[in-house]
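Note on naming: letters A, B, ... go to the chains in the order of the sequence lines (proteins, then strands), and numbering restarts at 1 for each one. Heavy atoms only: backbone and side chains are in, while hydrogens, waters and symmetry mates are out.
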Amino acid sequence: MSALRAIFMREARLAWAGGGGAAGPTAFFLAAITLAPLAIGPAADLLSAVGPGIMGFAALLSVLQSADRLFGDDHGDGTAELYLLSGVSPAWLVLAKVTGQALATLWPLPVIGCLGAMMYGVPVQPALMGALALLAAIPALSLIAGFAGALAAGIRRSGLLIALIATPMMVPVLIFAAGAGRSAFEGDERALANLLLTAAVSLGTIALAPFGIAAAIRSRLG
Amino acid sequence: MTMQSATEISPDMPEFETETLRVSGLSLARGGIELVRGFSLDLAPGDAVLMSGPNGTGKTTLLRALAGFIRPDAGEIRFGELPPGEVAADCLGWLGHADGLKPNETPRAALRFWADLTGQSRKAILPLMRAMAVESLIDRPAARLSRGQQRRTALVRVALANRPIWLLDEPAGPLDGGGRARLASLVAWHRARGGSVIAATHQRLDWPDARRIDLGAHR
Amino acid sequence: MNAFLDMGGYAAFVWPTWGLSFAALAGLVVHAVLERRAAQTALRRLEEDEA
Amino acid sequence: MLSYFSNPQRFDQLARTLIPIFAVLALGLLAVGVYLSFFASPPDYQQGETIRIMYVHVPAAYMAMALYAALAAASFVYFVWRHALADAAAEVIAPIGAVFTVLALFTGSLWGKPMWGAWWEWDARMTSVLVLLLVYLGYMALRAALEDAQQAARTGAILAMAGIINLVIVKFSVDWWSSLHQPASVIRLDGPTIHSSQLWPLAIMALGYSFLAGWLILYRLRSQALRRRVRTLQRQREQAARAREEAVS
């Protein structure tokens with residue numbers, strides 16, 4: 001157990017300090033929130049209608065933006081080999097690593113998601129529901145990004161490839177997470193259902209993705 | 001550079017129980033090209049093997065097969081009676097081409113992490129760093145270490161993991177004369193404790209009574 | 001005959017769909033044949049160099 | 001059965017016999033299908049003549065999904081039993097499946113315009129086919145980006161298997177997403193409302209597409225075996241040249 005804690009602490013520390021920590025995803029999320037209205041137009045009712053959706057969509061992209069650093073660096077600098085030879089079960093090792101990195105870099109997303117929604121004219125209650133859904137979506141988002149990152153580790157300019165691989169897998173969590181905020185805004189009774197489905201997808205991803213990521217790392221070292 | 005006697009390096013690490021590596025009839029191909037055919041080797045505790053041969057003859061591939069990263073096309077690898085898959089973690093010390101150091105992490109933090117991860121005590125870190133003469137760099141981020149200093153830190157990590165069988169891929173690559181001497185004494189200390197080592201190398205490393213294998217002849 | 005061609009006023013949709021479909025199928029077949037021929041010539045050229 | 005196909009000669013013989021059979025069956029079925037689609041089936045009481053678009057759209061969509069299932073199955077066989085033929089099949093199937101997916105999207109759009117009035121309708125089925133196209137492209141892009149053949153095979157297999165799990169969840173989530181405002185689609189395609197005279201052309205065309213896909217797969221598998229031999233010969237030549245150059249230096 002202490003080995004997993006060692007990995008979790010190391011990855012969180014490295015992600016927090018090096019590579020800009022939370023700055024990368026935060027900056028990307030803010031940029032997306034700023035640009036969307038310039039493209040969509042200032043009409044208040046339109047913006048508030050698309051607000052929750054934009055939050056979910058922008059959060060997804062900011063997780064994708066930092067995906068190649070998750071496992072790409074480890075592949076290159078020899079850490080992945082050493083992790084596989086450390087005797088810790090690869091699936092648990094990967095879960096500890098992704099959890100550490102996600103906490104260190106993605107914690108601002110729900111906060112910005114809530115504030116951003118309010119900036120788009122979404123009332124407080126739906127904005128909070130949207131933020132809660134984002135929080136529930138983070139495990140799925142980061143593990144899927146990790147899976148795509150592990151598959152494409154070490155490939156030059158793998159950003160585009162990771163986005164292409166991860167996009168289909170992000171469809172369910174995006175539908176449910178953005179749906180929670182949108183349903184809350186439109187007042188129909190599906191908001192809670194969407195939130196629970198988001199959490200369900202995240203739990204399923206936590207159960208499955210680590211094995212996929214471990215297999216991907218092993219195959220890329222073969 | 002006086003050759004440090006093996007006993008000078010004295011982190012209190014117990015002897016290894018005997019762990020023999022048996023490789024029989026190994027053949028490896030990469031992309032349709034056969035690199036190694038019918039390769040056999042027995043590595044008893046205390047042994048050292050130096051693999052040489054022009055690059056591209058499969059030295060690295062062979063080491064990666066022994067570590068369990070690559071499945072051989074034929075032949076068997078046994079640590080005692082177990083295949084690399086199950087047992088590699090408990091008895092393999094691995095040094096690949098890359099040193100496994102994070103640029104913004106200091107040797108102190110890195111080596112403490114590796115000690116915790118492999119369940120070893122942190123007390124052995126300083127004596128081993130002294131053995132490789134890099135103890136003064138313990139708080140300098142790895143990005144600001146030279147290639148040779150990074151390699152020495154990686155060798156400290158290998159020793160720290162306290163595993164009986166070392167697989168070293170070009171261990172002396174970026175090392176200078178002093179570094180090679182310290183590597184030799186580290187290996188001698190390891191072998192004195194009942195450990196064994198296989199190294200792939202271009203350079204002439206004069207480790208006492210090490211078996212030399214030219215992989216070029218094995219095709 | 002032209003009643004048939006007119007397709008009940010939907011000629012502009014039915015014929016392009018079928019045209020597209022058979023173009024795609026034919027395209028797949030032609031590509032497969034060309035691909036095979038290219039592989040054969042490459043192999044033959046290599047074996048000639050070998051000899 | 002698996003080890004039966006593991007040696008290439010036996011597979012090559014089988015492929016050589018099956019290829020002409022599949023070709024004849026595909027052409028025959030497609031010819032019968034065209035005849036049934038245009039001359040032997042009535043216009044639909046609601047859609048009129050546009051029902052004839054369905055006879056090529058549904059088989060294309062069906063092939064797109066069936067080929068991905070085959071791709072995932074081949075990847076599973078490769079991943080578990082390391083069966084070189086399964087990996088070759090997966091690599092060969094992917095582009096064929098992608099073409100059928102694009103075809104399904106275009107024919108779906110050409111069908112949607114007269115029926116729903118829009119070139120693209122974000123309904124559950126069409127959206128799922130669009131996501132399937134992305135899955136195909138992701139698989140092909142990953143394999144293309146990895147030079148080492150063995151890594152490309154194993155990594156591709158992992159992605160393909162993850163893809164099949166994902167597509168099941170995508171199907172559910174897209175249905176959930178589209179069921180909010182979308183009234184149940186006017187035409188129940190696979191429901192009982194299809195008149196038996198319309199079922200025949202659909203079934204025959206689908207069968208014709210399947211045998212054509214089978215032909216394509218077997219045919220391309222044989223040329224891929226040639227391509228892999230070419231690559232091996234080239235590598236061996238390079239290695240021999242390197243060894244000679246070393247001997248000299």
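- Between D:Tyr136 and D:Tyr68, the gap from one ring centroid to the other is short of 6.0 Å.
- With a 4.5 Å cut-off on side-chain heavy atoms, D:Ile51 and C:Tyr10 do not count as touching.
- The most heavy-atom pairs under 4.5 Å with chain C, out of D:Leu226, D:Val230, D:Val102, come from D:Val230.
- For C:Trp15 and C:Phe4, the ring centers sit closer than 6.0 Å to each other.
- Two residues are said to be in side-chain contact when any heavy atoms from C-beta on lie closer than 4.5 Å; D:Phe100 and D:Tyr62 fail this criterion.
- Using a 4.5 Å cut-off between heavy atoms, D:Arg222 contacts chain C through both its backbone and its side chain.
- Residues of residues 27-37 of chain D that come closer than 4.5 Å to chain C, counting heavy atoms only, are D:Leu30, D:Val34, D:Ser37, ordered by residue number.
- Between chain C and the residues D:Tyr209, D:Phe38, D:Phe106, D:Phe39, the largest count of heavy-atom pairs under 4.5 Å involves D:Phe38.
- The pair C:Asp49-C:Arg45 does not count as a salt bridge, with every side-chain nitrogen at least 4.0 angstrom from each carboxylate oxygen.
- Looking at D:Leu110, the atoms closer than 4.5 Å to chain C (heavy atoms on both sides) sit in the backbone and in the side chain alike.
- Highest contact tally toward chain C, considering only D:Val92, D:Leu233, D:Thr50, D:Ile96, is held by D:Thr50 [criterion: heavy-atom pairs under 4.5 Å].
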| task | Apply salt bridge (charged side-chain N to carboxylate O under 4.0 Å, His left out) to D:Glu49 and D:Arg52, showing your working. | result | CA-CA 6 Å; D:Glu49 298 294 344; D:Arg52 307 198 192 283; 2.6 Å; yes
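- For a residue to count as touching a neighbouring chain, one of its non-hydrogen atoms must lie under 4.5 Å from one of that chain's; by this rule D:Met63 does not touch chain C.
- Within the 4.5 angstrom heavy-atom criterion, atoms from both the backbone and the side chain of C:Phe13 approach chain D.
- By the 4.5 Å heavy-atom criterion applied to side chains, D:His57 and C:Thr17 are not counted as neighbours.
- D:Arg220 and D:Glu91 are not joined by a salt bridge, as no carboxylate oxygen comes within less than 4.0 angstrom of a charged side-chain nitrogen.
- To the nearest 0.5 Å, atom CG of residue D:Leu18 and atom CD1 of residue D:Ile217 are 12.0 Å apart.
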